[in-house]
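One structure below.
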Amino acid sequence: MIEVKNVTKYHSGRPVLENISFRVPGGTNLGLIGPGGSGKTLLLKIICGLVEPDEGNSFIKGQQVQGLGLAELTKLRFDIGLLFQNYALFDYLNVTDNIAFPLRQAGKHSEEEILKMVQESLNKVDLPHIGHQYPNELSGGMKKRVGFARAVIPQPPIVLYDDPTAGLDPVTSSKIFLFLKAMKEERGVTSITISHDIEGIKDICDNFVLINRGRVVFYGSREEIENEKMPLVRQFWQGFSADTLG
Amino acid sequence: MSFLEKFLKMVGTKFLDWSFEIGGMVLLAWEIFRNLLPPRMDGPETWRNFYRVGVKSFPIVVVTAMLTGAIMVIQSGMYIKQYGAYGLLGWGAGYSVLREVGPIMIGLMFSGRVGANNTAELGTMRVTDQVDALRALAIDPIRYLVMPRVLAMVVMLFLLVVIGDLTALIGGALTGEALLGVDSELFAWSIINYILLEDFTHGLIKALAFGYAIALISCHFGMRTSGGAVGVGRAVNASVVTSAIAIFVIDYFITYMAA
């Protein structure tokens, strides 16, 4: 469903992603983990065509993303939901309008249906009464949940989550992880989840990719990562802080 | 590195920077043109921009234009008095306001208020991933963000110059009456008899060109912003300076061609 082949990206002549390759089979969730600044968010943007790689390609449902025209890329993006690390909510729209935005743009639902779907989404993320508020009136955790609701409301078959629980309290985090799990199990969503909350994503991801300094240092299942002997992987997976990572 | 090498490197870097910016603006102009045929833009966002750009600029334009008209009369008042040519006061103030001062003053005011605001808004959206969020939601940022702004800025600067011209003439007439004792009817008579329709349309053509230039420049710098809050500040600065230069360059060429 999602494939990344030999992706390399340079910044000021220095590689920030180097020869990255992995596959995410349909209906599975891949955990993308690694230290901060290792290129995870950049990789997510390359996968959905927001950033062009210098080498290599990404494929969504067998279709090569790079080289697509604007119309084809736009069509492809209807199938992808993206939750941004820093929420990326539209400042000038209130919460209801932010979440309703992709539905209104698609023009497939009546206004009544849209408002009903928005309210259901808000209920799911435990924010039933903030529809009239603007992003600058919300806390970081609330913004994250609104961003989450906006990313999944069009019910895309593929969702890319960039740190969905960053800044959330443990209770809300576990609710979000349960929601991610339900998205996979009930709707068969294929997803990639970036997270630093290893305990949280252990149970919701089928496979894991560990990136360090722009390179894949591990790619395998939960069982494989738990049995991996490589110090860096063990250190990251088990959260040791004795040495600096990598 | 010798002084000559350093100098050549600096010139080369500047040349490349400017080429990059001009190239970016040409590409954006092409994208705008492509989205005009047929017109593709978001309705609510277009109306929001018409309000933000036009209605909110109205008070400041009226005040500026009123004072501009008054200043033109004060400046010419000395000579009018000296030669007793009171019947030419309306023509003198009107001719300069309609052809030059009106469009330029309102254009510069518009660039400082609307253009800078536009660059800051787009720049902030860019550095906070809101532009990427639009693209990720399968929405073309040019169609959704740039087109409504360009349309609103071109139409609204045109209308603001029309209103500004009339307000400036009223300001001139009131000042003429108060300071020089020139009857408003005489002032109006002077305008009607000596000012040609072409003088008025000449200014409006400039308003259209200025509006498009300010829109193109402010959107270009906004959409190319990078580097967080510092980057937004840099983009706004570049946008305001480039818009001001563009206004005078365009004014020069339109005036030259019409001469």
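Proteins come first, then strands; the chains are lettered A, B, ... in the order of their sequence lines, and each starts at number 1.
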Worksheet item: To the nearest 0.5 Å, how far apart are CZ in B/R135 and CG in A/L73?
Response: 7.5 Å
Discussion item. Tell me which of these, B/D140, B/T124, B/L137, B/D132, has more heavy-atom pairs under 4.5 Å with chain A than the rest.
Written reply: B/D132
Discussion item. I'd like to know which of A/L160, A/L76, A/I80, A/T74 tops the heavy-atom pair count under 4.5 Å against chain B.
Written reply: A/T74
Item to complete: Residue by residue, scan residues 83-104 of chain A and write down, ordered by number, those that have a heavy-atom distance under 4.5 Å to chain B; if none do, write 'none'.
Response: A/F84, A/N86, A/A88, A/L89, A/F90, A/D91, A/Y92, A/F101, A/P102
Practice prompt. Please say whether more than 12 non-hydrogen atoms of neighbouring residues, nucleotides or ligands are located less than 6.0 Å from CD in A/E112.
Written response: no
Worksheet item: Taking side chain as C-beta onward, heavy atoms only, is B/D42 less than 4.5 Å from A/Q105?
Response: yes
Worksheet item: Do any of residues 44-56 of chain A come closer than 4.5 Å to chain B, heavy atom to heavy atom, and if so which ones, in number order?
Response: A/K45, A/G49, A/L50
Discussion item. Report which part of B/R143 has an atom under 4.5 Å of a heavy atom belonging to chain A: side chain, backbone, both, or neither.
Written reply: side chain
Discussion item. Just to verify, what does A/K144 make a side-chain hydrogen bond (donor to acceptor under 3.5 Å, both in side chains) with, not counting sequence neighbours?
Written reply: none
Donor-acceptor contacts under 3.5 Å from residues 210-219 of chain B side chains, at least two apart:
residue : atom : partner : partner atom : Å
B/S218  : OG   : B/N118  : ND2          : 2.9
B/S218  : OG   : B/I214  : O            : 2.8
B/S218  : OG   : B/A215  : O            : 3.3

